[in-house]
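Below: the structure, in structure tokens.
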Amino acid sequence: MSAALRTFARGGGLTLLWRGVLTAALVCAIGLLPWLSRTDPALTVLKARSAESDPTPQALQAVREQLGLADGPLPLLGRWLGDLPHGDAGRSWVSGTEVLPSAVQALGASLLLMAGALAVAVGTAMVVCARTLWLGSRRRLRERGPGGTGSAVLAALPEFLVASVLASVVGVQLGWLPALGWYGPQWMVLPSLALGLPAGAVLGRMLDDLLPSAFAEPWALAAAARGIPPRSVARQALRRCVPGLLPSLGLFVVGLTGGSVAIEQIFDIPGLGRLTLRAALAQDLPVLQTGTLALVLLAAVAGTLARLAARLLIGPALRDGALHSLHRTTPPPPRILPLLYGALLAAVIALGLPRDPLALDTGARLQAPSAAHPFGTDSLGRDILARIAHGALTTLGIALAVSAAALITGVLLGLLPRLSGPVVDTVNAVPPVLAGLLVTGIAGSGPWTPALAVAAVAWSPLATHTSALLQQERATLHLTATRALGADRWYLMWHELLPAVLPPVVRHALLRLPGIALSLAALGFLGLGAQPPSPEWGLLLAENQPYAERAPWAVITPAAVLALLGALAVTAAGGVRLPRLRRRPGTRRGTHTGPAAPAPERPGPDTRLSPVTASSISPAETP
């Protein structure tokens with residue numbers, strides 16, 4: 001026991017040290033941001049204090065002397081780090097106020113918003129997988145056809161578009177709920193919906209991907225044979241699947257806190273995301289460093305709690321190798337829906353390519369859809385169909401490349417959880433806009449800057465998903481039996497683990513494809529990549545958003561095409577699978593690195609309850 005505790009303590013100490021190194025590197029990179037961006041921080045701070053200030057040499061020199069900029073970035077960072085243990089995070093370079101009280105207040109608002117959004121996300125996820133739970137608990141999963149279209153559309157909708165619609169329609173036109181400010185529980189409803197609905201759709205799709213295999217496990221068959229109520233079976237199936245999603249849920253928690261910049265801007269919420277963004281744009285280093293450090297600490301706490309909760313839910317089955325695999329029941333192959341969605345998307349692109357996306361017609365501004373302009377025109381009279389079609393070539397091409405790079409990176413790092421765990425928590429704590437600013441400072445501004453910025457953070461949820469699935473797959477009875485027959489680690493990895501883990505991770509990557517496409521264009525709109533009049537899809541949404549009430553088609557059509565891409569990605573991913581590698585019957589044993597894998601578990605009516613859930617079914621539930 002003492003040796004095991006020492007081993008655990010040594011591993012935890014190394015992880016803590018690695019996490020501290022990553023946090024220090026991130027804080028140092030942020031401290032160098034003004035100098036990396038090759039701009040004069042004194043000029044930026046002077047303009048942030050007052051836009052009308054005349055940047056004379058005397059005024060700039062006064063700012064440098066006041067802030068100590070003449071000493072360089074390293075002395076500034078050293079003084080900030082030295083004062084931080086004493087509870088002093090410095091003063092804002094722009095407002096002159098204490099940083100720590102404002103950061104704590106902003107963190108409190110963000111945590112309240114995160115709690116509301118998380119409640120909405122959990123409710124949405126349960127709605128998405130409700131049909132699978134009902135059919136599975138009654139042993140009727142064969143009746144489930146290809147679904148997920150509604151959740152795919154919801155997951156593909158950009159958060160700022162959902163927020164704009166809710167604020168203008170529910171808040172302003174109908175007047176049901178307040179749309180601006182942060183003064184009480186009523187002001188939490190609309191921003192929580194805008195943040196939680198897309199996140200819940202993604203979580204629901206991931207949970208719905210695991211449930212069929214849980215209902216096919218021996219314990220579920222035995223429970224049904226013994227007459228246990230369907231509600232109890234459904235509850236145990238949820239308990240069986242949730243541990244694999246808890247690490248991803250931890251990432252969502254941090255993303256809902258620091259990545260909700262657009263929502264906080266639209267609803268005027270004084271949160272940590274908006275505070276960090278404004279500090280980054282104004283190069284207010286004390287505020288930016290404090291906000292980023294708070295997000296990193298929150299990410300570390302959320303990730304640690306998620307991993308501990310996963311271990312507690314599974315229990316000793318994870319330690320004893322007594323689980324059944326959740327990834328041997330492959331989903332049904334895709335049917336007609338992917339072909340239909342793909343044909344619709346291809347038709348839109350084919351109809352718009354012959355049109356000129358840059359042709360201006362000031363006499364046809366914001367025209368409704370017609371025969372001449374099937375999708376209408378924008379505020380400059382440009383044909384929206386043409387801009388959507390031409391923007392698809394660059395947006396989808398770069399998004400596919402970034403998604404493929406994120407998938408490969410996520411899987412490779414997910415196979416090394418002790419190395420990648422702290423990296424994932426640190427990377428996930430960086431808001432996408434701040435990541436874009438850091439990449440711009442290092443690589444410079446250009447058409448590939450958004451791709452580099454998104455690729456730098458897009459792999460983290462895939463790595464977390466891979467690590468969680470791999471941990472459970474290594475504790476399966478099937479793998480324990482194969483290892484007992486003499487298989488080495490490489491045989492287990494190539495023939496057992498990867499074929500079981502890769503398909504759900506690939507489906508997860510495809511589910512995030514529309515979000516990556518939107519993030520690329522959104523960073524371009526912020527000046528970190530392609531500039532107008534580029535017809536990228538995110539630019540179309542951002543440019544036409546101010547005219548949503550007067551010309552709703554200018555926003556609805558790009559959002560509909562983006563949702564169509566999400567539906568295509570999810571339905572096409574429904575049949576993603578990887579064939580299991582097996583030794584041919586005539587092959588000699590010496591020609592492979594391990595024994596042939598045993599046949600997968602085929603539960604029969606006489607199988608016993610799995611240890612992971614047998615103890616969870618109380619005797620009172622049995623007839």
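Here the closest non-hydrogen pair linking Cys241 and Leu207 is CB-CD1, 3.7 Å. The two atoms that bring Ala194 and Phe267 nearest to each other are CB-CE1, 4.4 Å, heavy atoms only. Contact detail for Asp268 and Arg274: the closest heavy-atom pair is OD1-NH1, 2.8 Å. Taking all atoms of both residues into account, the shortest heavy-atom contact from Ile269 to Gly181 is CG1-O, 4.3 Å. Listed here is the closest heavy atom pair of Ser110 and Glu264: OG-OE2, 3.3 Å. Here the closest heavy-atom approach between residue Ala167 and residue Ile266 is recorded as CB-CG2, 4.5 Å.
In terms of the side chain to side chain donor-acceptor pair (under 3.5 Å) criterion, residue partners of Arg512 (sequence neighbours excluded) are, by chain and number, His508. Listed by chain and residue number, Ile349, Leu396, Trp537 satisfy the side chain to side chain contact (heavy atoms under 4.5 Å, CB included) test with Ala392 (two or more places apart in sequence, or in another chain). Applying the side chain to side chain contact (heavy atoms under 4.5 Å, CB included) test to Pro552 and every residue at least two apart in sequence or in another chain returns Ile556.
Looking at Arg131 and Asp208, no side-chain N of the basic residue comes within less than 4.0 Å of a carboxylate O on the acidic one, giving no salt bridge.
Using a distance-only test at 3.5 Å, with no hydrogens or angles considered, no donor-acceptor pair links the side chain of Ser403 to the main chain of Leu513. Panel note: side chain Ser467, backbone Gly414; a donor-acceptor pair is recorded below 3.5 Å.
In this structure, the side chains of His465 and Val501 stay at 4.5 Å or more apart for every pair of heavy atoms.
Applying side-chain contact (heavy atoms from CB on, under 4.5 Å) to Leu462 and the options Thr409, Ile408, Leu407, Val411 leaves one that passes, Leu407.
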